Amino acid sequence: MPEAARGHPRLWRLLDRAFPPPGGVQRAARRPSSLVYGLNDPMPPSSLVPLAAQHAMLAVTFLIYPILAATEARLPADQVSAMLSACALSIGLATIVQCMRSRFGSGYLAVHIPAAGAIPLAVQAMMLGGLGLLAATTFAVGVAQIFVARLVRPLRVLLPPEVCGVAVTMLGVSLAGPALRRALGVETGATLQVVSGAVATSAITLGLIVAITVFAPRRLKLFAVFTGAGVGWVLAALLHTNHPGAADAIAAAPLLAWPQLTLPALRLDISLFPLMALLVVMNLVDVLSVTVSLEKMNDADWRRADMRAAQRAVTACGIGNMLNGLTGGFQAGLSSSSVGLAFATQATSRVIGIVAGALIFAIAFFPKAIVALTLIPSPVIGGILLYTAAYLVVAGMDLIVSRRLSERRVFVVGLSVLAGLSVALLPLKDQLPVALQPLFSTPLTVAACSAILLNLLFRIGIARETGEEVPAGAHAFPFARDFLERQGDLWGARRDVIAAAIPIVAQALELVTDSGIAKGPVELRARFDEAHLDVYLLYDGEIVQPPRERPAPEALLGDAKEVAAFTAYMLQRLSDHVRFGRSQGRARIALRFDH
């Protein structure tokens, strides 16, 4: 405990409760063999600086979102420049907080960018009260996110891997629309008219990124996106698919300038509250999708979402939006594109994100650099987003099939994906009230909310604990296999956990039936709570006493008690945890398997 906190233990306990520090007893993550730089790896400057620059460059291009909102609200040019500088300042600091492993950040390589879903709220706020009301609204959203972060950990039961998989898959689908429009040269809202130069630019950009990622040596993969973007930018200039007037816009911007900060207004408009609530929910879903993708990328044996890390990630987003509100910036969230970039480079070290955040923060003092990076040719960004979308779709599918899928879970996944695709295929948003339109603006929010609600609905009627009496003369292995596979399908347990539990449970069943310990029928029970699979054998008879020392192999040739003792010892070694005792007057063997 720090010295300053020693005199205030109650305040320190309150801080620990509100913002729990990272740590606790956790399974050590197994590093995937494909990673060049893992989460905690130190990096040489020769690799660190270019990788961080790629993430920073990609993040700053999303400043186009506040530009679109400001244009729609008809803000003057000087106020637009001030908003961009404040946004870069805030997302840079928020990225540093997010990537540091502390009580306020997830500790993963997660970069903050302006949120596209915040455009409707920003436009309405600026039209009602200018940048001051936008700042107050953004600050209020950040405060709400910090409070909502406290609810993330209890939500684990609502977010099994198939629900997270739907969210990650639809995150990729959500990127597909804007990626294809940029790649084909189609303006938003315009009729479909493909521009051949844009197609060529995006195809070469995407092709280079994929080719370097697949075929190049591991060290060259670090620069896949940088190389693809650089070649694509040159090609866009040659084919005249870059932004018209880009040179004049860059020349007009000053090289150095202090960010002009706008203080938040001392009021909020009640008509904006529904949109603010929807954006808090959308950010929560988005954060969970991104953090799950990053966790899986860093852990070859990924099992379930780390809700502590997700809670800290939401907290960091809230801090970032409070900074945006205090400086007059634009609401921000986590970048799914940075996840694809991390996959392309196979570098997920958190120090990359810290340096990237520092670069984004520094860019706030260089308006000319901000303007130049927001003018990266649209087809080049389209090629990068297509790569990111492809990775996220496959990563989400992998999450979905990591569990045994019962009929209930098949419909949770299938109906949720269809609900999300309906937004992409049909103009449903325009038929809804204005307050609900942001919720239906992307396939991600619709699919994720549908998956959560359907998961809740289909949990009705599923007992979390069940049992069955073992018939006399039944073979232990087939009975244990059928029982556990049936319940595993119903509960959606991991395939590898069920497969590992079957022979151990069968061995325990043979122990009590073949050795004559059980005097009468044996009951096999199982309980599942997403974190553990507990299997119990209940019977009338003696409690098994496992030996403290390893028995000699000759014990298998001894009498029934020696064989039983040897088997009990092996059960202790094979299961994650085993207890021998009594429950409600009956002898019990309790086996626990971590899930």
Side-chain angles (χ1 to χ4, degrees), residues 116-117 120 155 157-181 183-184 186 188-189 192 278-279 281-293 296 304-305 333 336 339-340 385-386 388-462 489-493 495:
L155 292 178
V157 69
L158 304 181
L159 299 168
E162 67 271 14
V163 173
C164 294
V166 168
V168 174
T169 298
M170 300 313 292
L171 188 61
V173 173
S174 298
L175 288 176
L180 287 171
R181 283 196 298 270
L184 298 176
V186 180
T188 304
L192 182 60
L278 285 176
L279 287 173
V281 174
M282 290 166 60
N283 174 265
L284 177 61
V285 173
D286 195 36
V287 167
L288 289 171
S289 304
V290 171
T291 53
V292 165
S293 300
K296 197 168 185 299
R304 68 183 75 87
S336 56
V339 178
L385 291 181
L386 282 174
T388 302
Y391 162 72
L392 290 172
V393 168
V394 175
M397 292 179 178
D398 188 44
L399 276 175
I400 291 170
V401 300
S402 67
R403 293 288 189 96
R404 303 178 68 90
L405 293 177
S406 63
E407 292 86 352
R408 298 176 184 238
R409 291 174 183 262
V410 165
F411 285 114
V412 168
V413 173
L415 293 176
S416 301
V417 170
L418 289 176
L421 290 176
S422 68
V423 176
L425 299 176
L426 300 173
L428 297 178
K429 185 178 73 170
D430 299 334
Q431 312 300 319
L432 298 169
V434 175
L436 292 178
Q437 286 185 7
L439 184 61
F440 288 82
S441 60
T442 66
L444 167 63
T445 53
V446 176
C449 292
S450 299
I452 292 172
L453 293 175
L454 287 173
N455 180 55
L456 275 175
L457 175 64
F458 287 132
R459 287 170 65 88
I460 298 174
I462 297 181
D489 288 339
L490 192 60
W491 290 330
R495 300 174 186 273

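What you are looking at is a predicted structure, and each value in this text was computed from that prediction instead of being measured.
Taking all atoms of both residues into account, the shortest heavy-atom contact from Leu386 to Ala183 is CD1-CB, 3.9 Å. Across all their heavy atoms, Ala419 and Val446 have their closest contact at O-CG1, 3.5 Å. The heavy-atom pair separating Val339 from Ser293 by the smallest distance is CG1-CB, 3.9 Å. For Leu288 against Thr291, the heavy-atom pair with the smallest separation is O-OG1, 3.2 Å. Heavy atoms only, all atoms of each residue included: Ala179 and Leu385 are closest at CB-CB, 3.5 Å. For Gly420 against Pro443, the heavy-atom pair with the smallest separation is O-CB, 3.2 Å.
Note: Leu454 CG to Leu415 CG = 6.0 Å, rounded to the nearest 0.5 Å. Note that CD1 of Ile452 and CG of Asn455 are 8.5 Å apart. Values are rounded to the nearest 0.5 Å. Considering OG of Ser450 and CG of Leu418, their distance stands at 10.0 Å, rounded to 0.5 Å. With rounding to the nearest 0.5 Å, the separation of SG in Cys449 from CG in Leu284 is 9.0 Å.
Of the possible polar contacts, one joining the Ser416 side chain to the Ala451 backbone as a donor-acceptor pair under 3.5 Å is found.
Side-chain contact between Leu421 and Met170 is present, with heavy atoms from C-beta onward closer than 4.5 Å. Looking at Val393 and Met397, their side chains come closer than 4.5 Å, going by heavy atoms from C-beta outward.
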